[in-house]
Amino acid sequence: MDALYREVLEETGFTVTGVTGHAGSFDYASRSGLRTRQFTFAVTVGATGPVALTEHDGSAWADRGDLPAVGDETRALLAG
């Protein structure tokens, strides 16, 4: 779990205070063409604020009942 905590902090600026669920993983080709495995977790954070992105093109806050296009596993995880 240390890697999860570290990656969230590095990629968003948020400090994870707990892990509340795991929705699984999937493989995809990264921009560089390398095979990458994406793990999806639900976490709680100490405080929210502006997201400090370092590796992504964008982010968005969404209400659980009004989610953008996400997979069924992610939607179920966020529904609680």
Shortest non-hydrogen contact from [X] to [Y]?
{"X": "Gly46", "Y": "Thr17", "answer": "N-CG2, 3.4 Å"}
{"X": "Val43", "Y": "Thr20", "answer": "N-OG1, 4.0 Å"}
{"X": "Phe14", "Y": "Thr48", "answer": "CE2-CA, 3.9 Å"}
{"X": "Thr54", "Y": "Glu11", "answer": "OG1-CA, 3.4 Å"}

**Message:** Using the rule side chain to side chain contact (heavy atoms under 4.5 Å, CB included), only one of Val16, Val8, Val19 pairs with Phe41; which is it?
**Reply:** Val19
**Request:** Check whether Tyr28 and Phe39 end up in the same hydrophobic cluster, where Ile, Leu, Val, Met, Phe, Trp and Tyr are linked by side-chain heavy atoms less than 4.5 Å apart.
**Result:** no
**Asked** Any link between Leu53 and Leu9 through a network of hydrophobic side chains (Ile, Leu, Val, Met, Phe, Trp, Tyr) touching at under 4.5 Å?
**Response** no
**Message:** Show, in sequence, the C-alpha distance, side-chain angles and deciding distance for Thr12 and Ser59, and conclude whether the side chain to side chain contact (heavy atoms under 4.5 Å, CB included) test is met.
**Reply:** CA-CA 9 Å; Thr12 67; Ser59 68; over 6 Å; no
**Asked** Distance-only, no hydrogens or angles: does the Ser25 side chain make a donor-acceptor pair with backbone N or O of Arg37 under 3.5 Å?
**Response** no
**Distance (rounded to the nearest 0.5 Å) between Glu7 CD and Asp2 CG** = 11.5 Å
**Request:** Please step through side chain to side chain contact (heavy atoms under 4.5 Å, CB included) for the pair Gln38 and Thr40, ending with a clear verdict.
**Result:** CA-CA 7 Å; Gln38 171 73 46; Thr40 304; 4.2 Å; yes
